[in-house]
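Remember, it's 1-based here, ligands and their atoms both numbered in the order they're listed. Numbers for residues simply follow the sequence, beginning at 1. This one's a predicted model, so the numbers in the text were calculated from it and none came from an experiment. The analysis underlying the following values was restricted to heavy atoms, covering all of them including side chains, and did not include hydrogens, waters or symmetry mates.
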Amino acid sequence: MSRIVQPLAVAFLLGAALMLFVWKPWEQGHADEKPHEQGAFDPDKPAKKEQFGETRGGANAAVKEIAFDGDRAMKYLKQLCDLGPRVSGTDGMAKQQELVVKHFEDLGGKVTKQEFEAKQDSRRDKVKMTNLTISWFPDRERRVILSAHYDTRPMAHEEPNRNDWRKPFVSANDGTSGVAMLMELAHVMKDFPTGVGVDFVLFDGEEYIFEPTGLGGIRGDRFFIGSDYFADQYAANKSKLKYRYEAAVLFDLFAHPGAKFAIEANSWYKAEPLVRQFWQAAADARAGSFVSALGIEVSDDHVALNRVGIPAIDIIDFDGYRKHWHKLSDTPEQCDGKQIAEVAKVVTTWLQGLK
Ligand SMILES: [Zn+2]
């Protein structure tokens, strides 16, 4: 995850005086109020039925118990972190691509590489990036996305001592945990009982940040390069494509023990029916980490997907992981196979409800 947009969090970082200087809240209004203009949060309000369409899941679906080995997911997580940093365009990223492509192909997934070059504002040269899509039931026209970013940040920008920024940062729960969950899920995808096609999408370039914030009001580096490219290509080619994405779920900072998932605010305001559907699946799966409360607003890869009309939600517990976020301590030791398995159970419950 790259960024939160909740003003209070920014206030923590900048200090009250600077906050007033930058935001001039008396001129702009409080940014936190903006979402409320679009409709109040009320999880008990029944959703309009037509919003669910044919993809309505929920308590009535006959849900099978799907095998998911949390210990093996942790093994994958460690395997990826053992590669060291996996920054876009580096050898570490190339090694990871080789490992995951082989893994998914061996389990029957169809892997598509979306290769492109990107120029980050603060860098002199372009860098090669690759979004990976692993397709299950590739012939189905109605499709959903399960996604995570799989690149790691070049520097541990939240370390208080700048000398630590350049030390190897493995980003275990920030992106990598999502990849590990999908690697484990791949074992059951070939014959999975669902009515839709499923694409695992691994985004590159989410973390390719060298200058997180600009000085003196100049903006910092561009976030979400991979998901922006993916979304733009989807929008540009939509008329020619034989499939449609009906929903997308993004996983980020979700694998730590005791994680709590309030509803991320962008997800709620851009994809409310999908939030309801997924949280219903969480209730059906008795996943106690999902909470029916509106959480903070997070900028993440789901924003680009919503921008091009793919309803997309972010399963994230930023507050619960803040102390390790973009720090060297974001290591596999902070993650828990049982927590990954609980989120995976919600995913498999949700997928089974899609007819
Ligand atoms: Zn991050």
Discussion item. Strictly below 4.0 Å, N to O, side chains only: are Glu98 and Lys102 in salt-bridge contact?
Written reply: no

Worksheet, complete the sentence: Among the N/O/S atoms of Glu207, the Zn ion (ligand 1) lies closest to OE2

Practice prompt. Under the ring-ring contact (aromatic ring centres under 6.0 Å, His included) rule, what do His103 and Tyr76 come out as? Steps first, then yes or no, please.
Written response: CA-CA 10 Å; His103 176 86; Tyr76 293 141; 4.8 Å; yes

Worksheet item: Is Asp174 close enough to the Zn ion (ligand 1) to have an N, O or S atom under 2.8 Å?
Response: yes

Worksheet item: Looking at the Zn ion (ligand 1), is one of the N, O or S atoms of His149 less than 2.8 Å from it?
Response: no

Worksheet entry | Lys NZ or Arg CZ of Arg322 over Trp325 ring: under 6.0 Å, within 45° | no

Worksheet item: So among Arg222, Arg86, Arg153, which one has a salt bridge (Lys or Arg N to Asp or Glu O under 4.0 Å) with Glu207?
Response: Arg153

